[in-house]
K.L.:
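Please read through the structure below; I'll follow up with questions.
Throughout, a chain's letter reflects where its sequence line sits, starting with A, and its residues are numbered from 1. Side chains are part of it too, since the values below use all heavy atoms of this structure and drop only hydrogens, waters and symmetry mates.
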Amino acid sequence: MLESTLQAFELLFTVRGLLFLGLGTVIGLVFGVIPGLGGTTAIALLIPLTFGMQPYEAITLMGGIMGSVSFGGSITAILINTPGIAPAAATCFDGYPLAQQGKAGLAIGAAGAASSLGGLLGVVVLIAVIPLAKQIVLLFGPPEFFMLAIMGLSAIALSTGGRFLRGLIAGLAGLLLSFVGYDSVSGGIRFTGGIEYLWDGIALVPALTGLFAISEMINLSVKGGTVVTSGQANVAITRVMDGVRAVFTHYRVTLRGSLIGTFIGAVPGVGGTVAAFLSYASTLHADKDPASFGKGNIKGVIAPEAANNAKDGGALIPTLAFGIPGSAEMAIFLGVLVLHGMEPGPMLLIEHQGMVFTLILALSASCVLATVMGLAVTRQLALITLVDVHVLVPAVVALSLVGVYALNNNIGDVLIAFAFGGLGYLMIRFQYPRITMVIALVLGELAERGFHQSMMMSDGAISVFFTRGISAVLFAITALILVAPAARLLNEYLRSRARGVKPRAAAATPALQGRGARLVVPALVLALALAMIAWTYGHEPRTRLVPALTAWTLLIFALLDLAAATGTRPGRFIAALFTGSLAGPEGDDGKPQPSRRVLAACAWVTGYLIAVLLVGFHLATPVYVALFVITRGRMSLRKGLLAAAATEGFIAVTFEWLMQFQLYRGLLFG
Amino acid sequence: MSGIRTLGIVAVATLSLSLAAQARAAFPEKDITIIIPFSPGGGMDTTPRAIAGPMSKYLPNNVKVIPKNIPGAGGRRGYAELMRSAPDGYTISIINFPGAAIPSLTGEKVTYDINKFVWVARLSNSAYLIASAGKNDAISKFNDLKKLGRPVKMTHTGYGSTAYSAAGIVRDAMGIESTPLTGYKSSQEYIVGMIRGDGDATIAPVESFYKFVASGDVKALVTFEAKSTLPGVPTVRSLGYEELEGLGVDRIVAAPPGTPDSVRRIISEAIMKAIQDPEAQAWAKKVRRPFDPMDTDEVTAYLNKSIAFYTKYKSSLLKRD
């Protein structure tokens, strides 16, 4: 082991080694910062280019990307409330409020330091458990995966703040969406409506890009102005070092986040979004002052950031032990190994120890390098928050759709991102937390598969979940997670009753006035639940069981939500029962949004999409950006052309020239 | 860059002035896409990728062969895409056989017709092997599978997959009753599932097991190869099931229905040469996935025979719980 470590050091600290590390880190940061692009896309696009490289060069490049991409994603999350990559979603909760208060430097400093430290801790844990990696991986079978998924899902209950009911509804709807496509357990195809694209299910990256980036851009363009609302003339990126120090002051938060991240990272198919969210939720609940979260608590930045980067070390555990990828990036990285003649599996660590340590070393070096690089350009990046949103919006929309297309070379992915963009905007406006839908989308398949496989293992005995040690422990934790806040809510309600305080009314839905309009969205959710229940009956029992159960549960909560929205006496009771005082991240400013502006914002995105479908990205993008800047932003022709040239230039250089990737050319020219 | 390429193409065109060469240079004029109906990383992905590069050397006009993954629904999405593609030779696909044939044999409605595909070449064949976990003392040799006193639990990707179907044939031809444990993402995953103890045994291509046998995590019970590549492991023939010899997965290159004869021959020839290319051979040696090539005529005859075999065992392929 020592010999391979030394060998890895020797390989990395050569001119070429450092060059590839630096290149990987820069690519990772850029792909992290831009919504819609991410580590998976970067690695996938670079695979063909690694043909001509030495294996260790390719591995150093990939390690550089994996180590840096999450910090890149967090910068965007903090500055414009849009995660650059999905795992940074939890960073928005407290990072963005800090940016709005003019403390972006503090937040980014903390995010950077927490990322570095988390990444390093993840790697330390990895190296410590490598000798035991196989045994650890074998401890987790289908019952444990099921319980882990349920634990993750139940954490939804922790952090939906005042919108507990709507958090559950968004989660259940997310579960239903995760069931779309081919069910490999039963061999049945569900809820595709005959659309072949959907056989492979709803692709995660496009869906998350839509939910987080596109929706936020619609929201921003309706609002107008700049990101920084408090009217400061310049964003002072100061106190970066204070942020770094905070990570050490709150070392417990950092440590807990890193451990959660490593652990969740090691579970195949769960990934960074859930890890960061769980870390955030558990920090919030362990804190003496949970109400301060969601309003710019620095601990709310440190927790998800530490977890987010630590997960890469964790994801390497199953990858190295058995060749089972622990994350989406790892899955594609395995393809790189195979191309270079190294077969992933239990022999990898024995036959190619030097390569493995090169990767580990590159990963850890990149975590630190990314932070240094990121902090060096933070001041420049922060200027984004002063840019008129009418320049920001078309650029981000275009770049994220391009990125979504580049991942799988599939225009269907772009349509999914668009659809989820609309859905995400509705969720922002009507206060259904998007994060719970995302957690459910990620975990739904794992939960269902784990359940069916456990049943097949035990010949149908449900006891399999409680007789296995780890599964039983996970069940106990889940029960605690669910019971604790419920007890707290009930207690609070009873106490407020005893004091004679009237239960708070359900939060008014700002966009629409009047009782009739308020009922529209809950009624739509109810209709969706009914439709899904009906739809499940077309399938055989095993294909149907879990989706049907989910749809019926959704029906119950949709009825409660509808009742709460009526504002009648029982409605107010339901609303009060499900409205806790727990912190509520992902708030909406509550200002009314005139429907004319909303329709216009949606029409622009739709117009761009249609143009892309017809004439391809290269023609549609500059025209869309220029027109948007000039007409919506009422800026000069020169500014419009400049924005268009910058956006299209970046797309053309990055994809067509550097990555040798051909973007969609449109129906008319394809 | 494109200027240099244009120059190159012009140079090639000038050099090939003979009539015969001109007639052949008509195809291909542009890059060829090879659909991979599976996710990156497995044998169905890496095998075509390994020859895609060298193929360019042996195709007229030195056009490139570009792999494109269209994963989903056990390959059905990719096959449907091939079915729809223009029969001009610019879109071909790697096919998992018998994987692609099973759905229609079992009566599933599919949006492609395997009998209409044009067979271009076979890249390789992986015979199956049945294995149990290294630590499982109850199952150490093939006959132990019959002595469990209950059906053997076999881990699989899912109904309709080749391993699932093979388990059905094994049941009917070898008398091994089994219940499936489905839902794993890849052979890698279901082998690890079996090692973990989710199930008792599993069936997968021999190559997938090498590394697990080397690490001691897996015991090989019987191989469907003609000659065992793992020392001491009995072949199906030696156990008296010679009809099952060669049961496994073929990696076949197919073209859309109606692809002209001249076109499939040009591609087939390029594939045959690419397989012999030192680059491809070096790769095959390194990852222990040897090629077992057949040209377009050989593979067409071979598949006619294979389809007849699976049609005979049609009822074995059906869904079971």
Side-chain angles (χ1 to χ4, degrees), chain A residues 44 47-48 51 134 137-142 181-189 192 196-201 268-269 318 321-325 331-332 334-348 350-351 408-410 448-450 452-454 456-457 459 540 542 657 662, chain B residues 1 39-42 45-46 49-50 53 66-74 76-77 80-81 108 111 150 153 155 157-161 164 179-186 188-189 191-193 195-199 207-208 210-212 214-217 282-283 285-289 319 321:
Chain A
I47 282 184
F51 269 126
K134 268 164 78 170
V137 173
L138 292 181
L139 283 177
F140 288 81
Y182 180 73
D183 169 34
S184 58
V185 173
S186 67
I189 292 174
T192 60
E196 202 177 280
Y197 166 82
L198 289 174
W199 283 359
D200 203 28
F322 287 111
I324 295 176
I332 301 188
L334 289 182
V336 178
L337 288 183
V338 175
L339 277 178
H340 285 276
M342 286 168 271
E343 213 181 346
M347 298 307 283
L348 186 71
I350 297 165
E351 288 169 352
N408 281 319
N409 212 343
N410 194 325
E448 188 190 20
R449 185 152 42 99
H452 284 308
Q453 287 187 334
S454 304
M456 288 190 268
M457 280 170 68
D459 296 313
E540 59 175 290
R542 190 176 280 166
W657 190 65
Q662 192 183 339
Chain B
M1 178 89 180
S39 304
D45 175 67
T46 51
R49 276 180 191 277
I66 297 157
K68 179 179 178 186
N69 295 86
I70 305 183
R76 290 171 184 76
R77 254 182 85 203
E81 174 84 20
E108 185 189 319
T111 45
R150 58 175 171 81
K153 281 202 179 82
T155 55
T157 45
Y159 163 66
S161 71
Y164 186 100
T179 50
L181 220 163
T182 52
Y184 297 92
K185 292 260 174 211
S186 62
Q188 195 92 0
E189 268 197 26
I191 292 173
V192 172
I195 295 171
R196 190 165 56 208
D198 299 358
E207 290 89 345
S208 317
Y210 287 145
K211 50 191 182 265
F212 292 106
S215 66
D217 291 309
W283 174 84
K285 211 175 150 204
K286 208 153 63 169
V287 299
R288 288 184 77 182
R289 288 183 190 275
K319 193 178 273 193
D321 278 310

K.L.:
Is B:Tyr210 close to chain A through its backbone or its side chain, or both, or neither, when contacts mean heavy atoms under 4.5 Å?
P.N.:
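No part of B:Tyr210 comes within 4.5 Å of chain A.
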K.L.:
Which pair of heavy atoms, one from B:Tyr159 and one from A:Tyr182, lies closest together, and at what distance?
P.N.:
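Heavy atoms only, the tightest pair is O-OH, 3.3 Å.
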K.L.:
Is any side-chain heavy atom of B:Arg77 less than 4.5 Å from a side-chain heavy atom of A:Tyr197?
P.N.:
yes
K.L.:
Below 4.5 Å from any heavy atom of chain A, which atoms of B:Lys211 appear? Answer side chain, backbone, both or neither.
P.N.:
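Interface part for B:Lys211: both.
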K.L.:
Keeping the roles fixed (side chain from A:Glu196, backbone from B:Thr111), state whether a donor-acceptor pair exists under 3.5 Å.
P.N.:
no
K.L.:
By salt bridge (charged side-chain N to carboxylate O under 4.0 Å, His left out), which residues pair with B:Glu108, not counting sequence neighbours?
P.N.:
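So B:Glu108 forms a salt bridge (charged side-chain N to carboxylate O under 4.0 Å, His left out) with B:Arg76.
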K.L.:
Are A:Lys134 and B:Ser215 close enough that some pair of their side-chain heavy atoms sits under 4.5 Å apart?
P.N.:
yes
K.L.:
Can you name the residues that form a side chain to side chain donor-acceptor pair (under 3.5 Å) with A:Ser186, not counting sequence neighbours?
P.N.:
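Checked A:Ser186 against side chain to side chain donor-acceptor pair (under 3.5 Å); matches are A:Asp183, A:Thr543.
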K.L.:
Just so I know, are the side chains of B:Thr179 and A:Met456 near enough to count as touching, which here means a heavy-atom distance under 4.5 Å?
P.N.:
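No, side chains not in contact.
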K.L.:
Out of B:Lys285, B:Glu81, B:Gln188, which one racks up the most heavy-atom pairs below 4.5 Å with chain A?
P.N.:
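Winner by heavy-atom pair count: B:Gln188.
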K.L.:
Shortest non-hydrogen contact from B:Arg196 to A:Leu138?
P.N.:
CG-O, 3.1 Å
K.L.:
Do you know which two heavy atoms are closest between B:Asp198 and A:Pro142, and how far apart they sit?
P.N.:
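Closest approach of B:Asp198 to A:Pro142, heavy atoms only: OD2-CD, 3.2 Å.
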K.L.:
Among B:Asp217, B:Val192, B:Ile70, B:Thr182, which residue forms the greatest number of heavy-atom pairs with chain A at distances under 4.5 Å?
P.N.:
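The option with the most such pairs is B:Thr182.
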K.L.:
Tell me whether A:Gln453 contacts the main-chain N or O of B:Leu181 through its side chain, where contact means a donor paired with an acceptor under 3.5 Å.
P.N.:
no
K.L.:
Side chain, backbone, both or neither: which part of B:Lys68 has an atom under 4.5 Å from a heavy atom of chain A?
P.N.:
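The answer is the side chain of B:Lys68.
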K.L.:
For residues A:Pro318 and B:Glu189, determine if any side-chain heavy atom of one lies less than 4.5 Å from a side-chain heavy atom of the other.
P.N.:
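No; the side chains remain at least 4.5 Å from each other.
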